[in-house]
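Following: one structure in structure tokens, then a few remarks.
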Number of protein chains: 2
Amino acid sequence: MDRIFQALADPTRRAIIKRLTVAPQRVTDLAEPFDMSLNAVSKHLKTLEKAELIDRDNRGRTSICSLRTEPLQNVQEWLDQYAHFWGSNLDAFSRHMEQASHTDGIAKADNTKDGDDHE
Amino acid sequence: MDRIFQALADPTRRAIIKRLTVAPQRVTDLAEPFDMSLNAVSKHLKTLEKAELIDRDNRGRTSICSLRTEPLQNVQEWLDQYAHFWGSNLDAFSRHMEQASHTDGIAKADNTKDGDDHE
DNA sequence: ATAACATTCAACCAAAAGGTTGAGTGTTAT
DNA sequence: ATAACACTCAACCTTTTGGTTGAATGTTAT
């Protein structure tokens with residue numbers, strides 16, 4: 001749990017996660033949008049990997065990263081532990097109804113909220 | 001968001017949060033179970049305060065800490081952003097049903113999982 | 001075979017995190 | 001008034017974090 005929350009505590013890493021929800025990607029592609037060295041991104045990916053937030057498929061000289069679901073489920077379970085404490089207004093059921101409106105596979109260009117940079 | 005996840009990344013702080021779901025408490029009481037100085041706990045509380053995870057009520061010489069709900073809601077919203085990605089098997093609806101079984105106020109000695117130290 | 005590419009390793013650095021101790025500031029009790 | 005209590009501040013230390021650069025490794029293309 002420490003490693004998961006720690007991994008999520010960095011904006012670069014959250015941005016990487018966000019990108020990975022669209023599609024698995026190579027290290028170079030993931031690094032491209034950031035104003036930092038490739039090495040720095042490589043290290044971030046290692047952090048994400050240790051937290052088991054990403055998986056890697058080494059295809060020859062490239063390493064393709066993809067999102068893993070387990071850690072996010074762990075976070076959800078941790079949160080649910082306290083659901084009774086803060087639940088109510090946007091509770092699990094509301095979320096279910098919200099979620100039911102897009103049961104398709106991948107990112108439905110969800111611009112219903114605040115455009116793009118929801119982090 | 002950085003500050004929230006950062007705050008949650010420490011086991012001591014998560015334990016403090018857990019304790020605070022039972023009832024608001026003084027700094028000394030919160031510090032008691034931990035094998036570290038009162039000062040160390042005081043610092044942890046400051047971290048939690050900066051992340052707005054706790055509130056304080058200064059009553060004379062004591063400072064009473066209580067949980068705030070907003071940051072946990074923010075985490076939930078962040079997670080929900082990706083719900084479609086990992087949802088399914090333990091989804092929002094299941095959680096709602098689970099939650100529905102204990103709508104009473106506070107911690108129902110939830111020993112259905114792994115005893116006590118769910119962190 | 002050689003060059004370009006994709007990625008990681010290693011050493012380094014500054015800043016932040018998590019802890020310590022000791023002193024300081026109020027507040028309550030006697 | 002004095003002592004005990006509940007805390008916070010400040011200085012310090014060590015380890016971790018997030019970044020850098022430069023070299024090293026392995027892979028594909030020519």
Side-chain angles (χ1 to χ4, degrees), chain A residues 1-20 22-68 71 75 119, chain B residues 1-20 22-68 71 75 119:
Chain A
M1 231 33 194
D2 288 31
R3 262 193 295 265
I4 298 174
F5 279 124
Q6 185 62 48
L8 296 177
D10 183 278
T12 303
R13 289 193 291 262
R14 286 200 306 278
I16 289 173
I17 288 175
K18 178 152 203 173
R19 284 196 118 221
L20 286 180
V22 180
Q25 280 172 69
R26 310 182 304 153
V27 176
T28 311
D29 293 341
L30 285 171
E32 182 265 325
F34 301 107
D35 187 24
M36 70 179 70
S37 73
L38 180 65
N39 275 6
V41 174
S42 181
K43 273 172 132 190
H44 279 304
L45 291 173
K46 196 143 92 179
T47 302
L48 289 169
E49 198 177 12
K50 276 199 230 162
E52 295 183 332
L53 274 157
I54 65 171
D55 230 350
R56 306 180 98 129
D57 185 9
N58 277 56
R59 304 183 151 268
R61 67 178 156 182
T62 75
S63 176
I64 291 170
C65 306
S66 55
L67 251 187
R68 286 177 67 81
V75 172
E119 254 186 275
Chain B
M1 233 29 196
D2 289 31
R3 263 193 294 264
I4 298 174
F5 279 124
Q6 185 63 47
L8 296 177
D10 183 277
T12 303
R13 288 191 293 261
R14 287 200 305 281
I16 288 172
I17 287 174
K18 180 154 201 170
R19 283 196 120 222
L20 286 179
V22 180
Q25 282 172 69
R26 310 182 304 151
V27 176
T28 310
D29 293 340
L30 284 171
E32 182 264 325
F34 301 107
D35 186 22
M36 70 179 71
S37 73
L38 179 66
N39 275 7
V41 174
S42 181
K43 272 172 133 194
H44 280 304
L45 291 172
K46 196 143 94 178
T47 302
L48 289 169
E49 197 177 13
K50 275 198 231 162
E52 295 183 333
L53 273 156
I54 65 171
D55 231 350
R56 307 180 96 130
D57 185 10
N58 278 55
R59 303 184 151 268
R61 67 178 157 181
T62 76
S63 175
I64 291 171
C65 306
S66 54
L67 252 187
R68 286 178 68 82
V75 172
E119 260 182 89

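Within every chain, numbering begins at 1; the chains are lettered A, B, ... in the order of the sequence lines, protein sequences first and strands thereafter.
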Check the distance between [N]'s [atom2] and [X]'s [atom1] and give it to me in whole angstrom.
X: A:Asp57; N: C:dA6; atom1: CG; atom2: P; answer: 17 Å
X: A:His44; N: D:dT17; atom1: NE2; atom2: C1'; answer: 9 Å
X: B:Asp10; N: C:dG19; atom1: CG; atom2: C1'; answer: 11 Å
X: B:Arg26; N: D:dT8; atom1: CZ; atom2: P; answer: 12 Å
X: B:Lys46; N: D:dT8; atom1: NZ; atom2: C1'; answer: 7 Å
X: B:Arg59; N: D:dA6; atom1: CZ; atom2: P; answer: 16 Å
X: B:Leu38; N: D:dA4; atom1: CG; atom2: P; answer: 18 Å
X: B:Asn58; N: D:dT8; atom1: CG; atom2: P; answer: 8 Å

Given [options], identify the nucleotide with an atom nearest to the side chain of [X].
X: B:Val27; options: C:dG19, D:dC7, C:dT7; result: D:dC7
X: B:Asn39; options: C:dG19, C:dT7, D:dT8; result: D:dT8
X: B:Arg56; options: D:dT8, C:dT7, D:dA4; result: D:dT8
X: B:Arg61; options: C:dT27, D:dT21, C:dT7; result: C:dT27
X: B:Lys43; options: D:dG26, D:dA11, D:dT21; result: D:dA11
X: A:Ala40; options: D:dG19, D:dT8, D:dC5; result: D:dG19

task = Name the residue closer to the 5' end of DNA chain D, choosing between A:Gln6 and B:Thr62 according to the nucleotide with the nearest heavy atom.
result =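 In this pair, the answer is B:Thr62.
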ask   = Which residue, A:Gly60 or B:Thr28, contacts DNA chain D at a nucleotide closer to its 5' end, judged by nearest heavy atom?
value =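 Mapping each residue to its closest nucleotide by heavy atoms, the 5'-most match is B:Thr28.
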Distance, nearest 0.5 Å, that separates NZ of B:Lys50 from OG1 of B:Thr47 =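 Here the interatomic distance stands at 6.5 Å.
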Between the main-chain N or O of [Y] and the side-chain N or O of [X], is there a donor-acceptor pair closer than 3.5 Å?
X: B:Arg56; Y: B:Ser63; answer: no
X: B:Arg14; Y: B:Leu8; answer: yes
X: A:Arg3; Y: A:Glu52; answer: no

message = Tell me which one of B:Ile54, B:Asp55, B:Asp10 satisfies side-chain contact (heavy atoms from CB on, under 4.5 Å) with B:Leu48.
response =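 One option only clears the test, and that one is B:Ile54.
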